[in-house]
Number of protein chains: 2
Amino acid sequence: MTSQEHGNGTAPRSRPRGTAFLLAQVGAHAAARFAERVGVLGVAPSDVGLLRMISTRPGRSQQSLAEELGVVPSRVVTLVDGLERKGLVERRRNPRDRRNYALHLTEEGSRVMAGMREVGAAHEDDICAALDEPQREQLAALLEAVAVQQGLTEGVHPGYRR
Amino acid sequence: MTSQEHGNGTAPRSRPRGTAFLLAQVGAHAAARFAERVGVLGVAPSDVGLLRMISTRPGRSQQSLAEELGVVPSRVVTLVDGLERKGLVERRRNPRDRRNYALHLTEEGSRVMAGMREVGAAHEDDICAALDEPQREQLAALLEAVAVQQGLTEGVHPGYRR
DNA sequence: TATTGTTATACTCTATAACTATA
DNA sequence: TATAGTTATAGAGTATAACAATA
């Protein structure tokens with residue numbers, strides 16, 4: 001379980017960059033390219049997760065978003081402020097409990113969400129351009145295995161995490 | 001947890017997010033874990049690349065580091081300031097051309113570099129814990145192909161990039 | 001004039017903690 | 001008292017641009 005085991009005859013190809021470094025490198029690159037793309041739609045990467053979560057389960061409270069994302073509530077305030085200012089999200093008061101808001105996408109917000117799906121597909125094709133379809137599935141499966149073993153929450157980018 | 005009569009999440013683990021998202025997610029996670037580990041050695045992830053580059057080619061100028069990393073020279077000043085304050089790096093004046101510095105690791109800097117290699121190996125084992133050796137090589141090969149096609153510079157984390 | 005490095009400044013992102021309104 | 005959300009503030013990280021020293 002400890003470090004490098006050079007035994008077993010085969011150590012022909014020294015790995016110049018470790019797998020973990022490659023993961024971080026390629027991952028950061030993918031994130032940066034995605035940021036460029038969604039930037040065209042007028043949103044930041046941190047907005048994207050929020051929009052998707054609100055779209056998936058409309059009426060959510062800011063608190064529930066903060067919990068799932070692993071961020072402090074005040075940050076959700078800032079993010080929702082931005083989305084509201086851009087007219088993508090609406091805060092609706094709940095008459096039963098006037099402490100919390102029910103968050104909903106506006107029509108414009110839904111349009112942007114649709115745009116993001118297109119952007120996501122183009123992004124996917126761009127990043128995986130070096131791989132054919134079986135290779136892409138192989139890569140996805142390997143990453144999925146790592147993600148599960150590392151305890152990553154499905155669909156939540158660690159960039160939110162404290 | 002608030003009311004949630006929504007179709008409760010039996011997430012089909014087929015392909016929830018795209019491969020590109022998985023890359024960004026797992027990559028950011030790997031980077032965060034690495035930051036934790038090197039933090040124990042008293043350095044930040046941004047220090048690591050610098051130390052390695054100076055270690056590989058001692059006597060480099062700050063300018064050359066800035067170019068290779070794709071950052072503005074003033075940022076290298078800040079980074080080297082930090083490393084010098086920690087006693088890991090030394091700025092030596094070049095008598096031939098007194099405009100630039102020749103950067104060298106101190107003895108302590110070399111010790112930290114050695115520590116980073118151990119940390120790197122442990123990190124690698126941690127991140128790839130879900131995979132056996134053939135799978136790790138497969139993953140590395142796929143990532144390598146993506147990295148090359150995307151034009152990523154070997155060993156340079158895009159986190160430096162503008 | 002060009003190059004290397006530095007300083008001064010400002011901007012973005014995010015967390016902490018105190019606060020308001022409601023329950 | 002407890003909870004949802006907000007505001008005020010501060011810190012880290014990084015870029016831009018003006019600057020000094022040297023060539």
Side-chain angles (χ1 to χ4, degrees), chain A residues 28 31-32 35-36 38-39 42-50 54 59-86 89-104 156-162, chain B residues 1-4 28 31-32 35-36 38-39 42-50 54 59-86 89-104 156-162:
Chain A
E36 278 176 29
V38 297
V43 298
S46 51
D47 295 330
V48 175
L50 236 67
I54 297 170
R60 301 186 64 149
S61 70
Q62 300 184 183
Q63 199 72 24
S64 84
L65 292 176
E67 259 173 49
E68 185 167 335
L69 292 173
V71 298
V72 91
S74 65
R75 184 160 179 219
V76 178
V77 172
T78 308
L79 290 170
V80 174
D81 279 354
L83 294 173
E84 199 177 38
R85 199 170 346 101
K86 289 172 200 156
V89 161
E90 202 184 344
R91 282 170 162 119
R92 296 193 197 148
R93 271 295 181 201
N94 175 358
R96 309 261 190 162
D97 185 340
R98 295 178 45 76
R99 285 175 304 183
N100 62 40
Y101 286 116
L103 300 175
H104 293 269
V156 175
H157 194 286
Y160 287 106
R161 282 269 148 72
R162 275 179 277 234
Chain B
M1 246 9 117
T2 40
S3 54
Q4 180 183 336
E36 277 176 31
V38 297
V43 298
S46 51
D47 295 331
V48 175
L50 236 66
I54 297 169
R60 303 187 61 151
S61 70
Q62 298 185 184
Q63 198 71 24
S64 84
L65 292 176
E67 258 173 49
E68 185 167 333
L69 291 173
V71 298
V72 90
S74 65
R75 186 160 176 218
V76 178
V77 172
T78 307
L79 290 170
V80 174
D81 278 354
L83 293 173
E84 199 177 39
R85 199 171 344 103
K86 288 173 201 156
V89 161
E90 203 184 342
R91 283 169 162 120
R92 295 192 198 150
R93 271 295 180 201
N94 175 359
R96 309 261 189 164
D97 185 340
R98 295 177 48 75
R99 284 177 304 184
N100 62 42
Y101 286 116
L103 300 174
H104 294 269
V156 175
H157 194 285
Y160 287 106
R161 282 269 147 74
R162 276 177 279 228

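A note on names: the letters A, B, ... follow the listed sequences, proteins ahead of strands, and every chain is numbered from 1.
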Original post:
Is any side-chain nitrogen or oxygen of A:Q63 closer than 4.0 Å to OP1 or OP2 of D:dG5?
Top reply: yes

**OP:** Provide the full list of salt bridge (charged side-chain N to carboxylate O under 4.0 Å, His left out) pairs with a residue in residues 94-104 of chain B, sequence neighbours left out, each pair given once.
**Re:** B:D97-B:R99

**OP:** For B:A32, check side chain to side chain contact (heavy atoms under 4.5 Å, CB included) against everything at least two apart and list the hits.
**Re:** none

Subject >> B/S/- contact track for nucleotides 17-23 of chain C, protein heavy atom under 4.0 Å >> reply: B----BS

Original post:
Could you state the CG-P distance from B:L50 to D:dG13, rounded to the nearest angstrom?
Top reply: 14 Å

Original post:
Taking only residues two or more places apart in sequence, or in another chain, which ones meet B:N100 in a side chain to side chain donor-acceptor pair (under 3.5 Å)?
Top reply: none

Original post:
When you measure from the side chain of B:V72, which nucleotide among D:dG5, C:dA15, D:dA15 comes out closest?
Top reply: D:dA15

**OP:** Nearest-nucleotide wise, let me know which of B:R75 and A:R91 is further upstream toward the 5' end of DNA chain D.
**Re:** A:R91

Subject >> Rounded distance (Å) that lies between atom C1' of D:dT3 and atom OH of A:Y101 >> reply: 14 Å

Subject >> Heavy-atom pair of closest approach, residues A:L103 and A:I54 >> reply: O-CG2, 3.7 Å

Original post:
Mind checking what makes side chain to side chain contact (heavy atoms under 4.5 Å, CB included) contact with B:A28, not counting sequence neighbours?
Top reply: A:H157, A:P158

**OP:** Round to a whole Å and report the spacing from CZ of B:R60 to C1' of C:dG5.
**Re:** 16 Å

**OP:** May I have the distance from B:L65 (atom CG) to C:dT6 (atom P), rounded to whole angstrom?
**Re:** 12 Å

Original post:
Who are the side chain to side chain contact (heavy atoms under 4.5 Å, CB included) partners of B:A35, not counting sequence neighbours?
Top reply: B:P45

Subject >> Atom-to-atom span, CG of A:L79 to P of C:dT12 - whole angstrom >> reply: 15 Å

Original post:
Quick one: salt bridge (charged side-chain N to carboxylate O under 4.0 Å, His left out) partners of B:R92, sequence neighbours excluded?
Top reply: B:E90

**OP:** Search all heavy atoms of A:D47 against all heavy atoms of A:K86 and return the closest pair with its distance.
**Re:** OD2-NZ, 3.1 Å

Original post:
Given atom CG of B:D47 and atom P of D:dT14, what is their separation to the nearest angstrom?
Top reply: 10 Å

Subject >> Length of the CD-P vector between A:E67 and D:dT3, whole Å >> reply: 11 Å

Original post:
Expressed in angstrom and rounded to an integer, what is the separation of A:L69 atom CG from C:dT14 atom C1'?
Top reply: 14 Å

Sequence neighbours left out, cut at 3.5 Å: what donor-acceptor pairs do the side chains of residues 68-83 of chain A make with other protein atoms?
{"unit_1": "A:E68", "atom_1": "OE1", "unit_2": "A:R60", "atom_2": "NH1", "d": "3.3"}
{"unit_1": "A:E68", "atom_1": "OE1", "unit_2": "A:R60", "atom_2": "NH2", "d": "3.0"}
{"unit_1": "A:T78", "atom_1": "OG1", "unit_2": "A:S74", "atom_2": "O", "d": "3.2"}
{"unit_1": "A:D81", "atom_1": "OD1", "unit_2": "A:R91", "atom_2": "NH1", "d": "3.0"}
{"unit_1": "A:D81", "atom_1": "OD1", "unit_2": "A:R91", "atom_2": "NH2", "d": "3.1"}

Original post:
Looking across every strand, which nucleic acid part, if any, lies under 4.0 Å from A:T78 by heavy atom: base, sugar-phosphate, or nothing?
Top reply: nothing

Original post:
Between the two ends of the helix from C:dT1-D:dA23 to C:dA23-D:dT1, what is the bend in degrees, rounded to 10 degrees, where each end axis spans five pairs?
Top reply: 30°

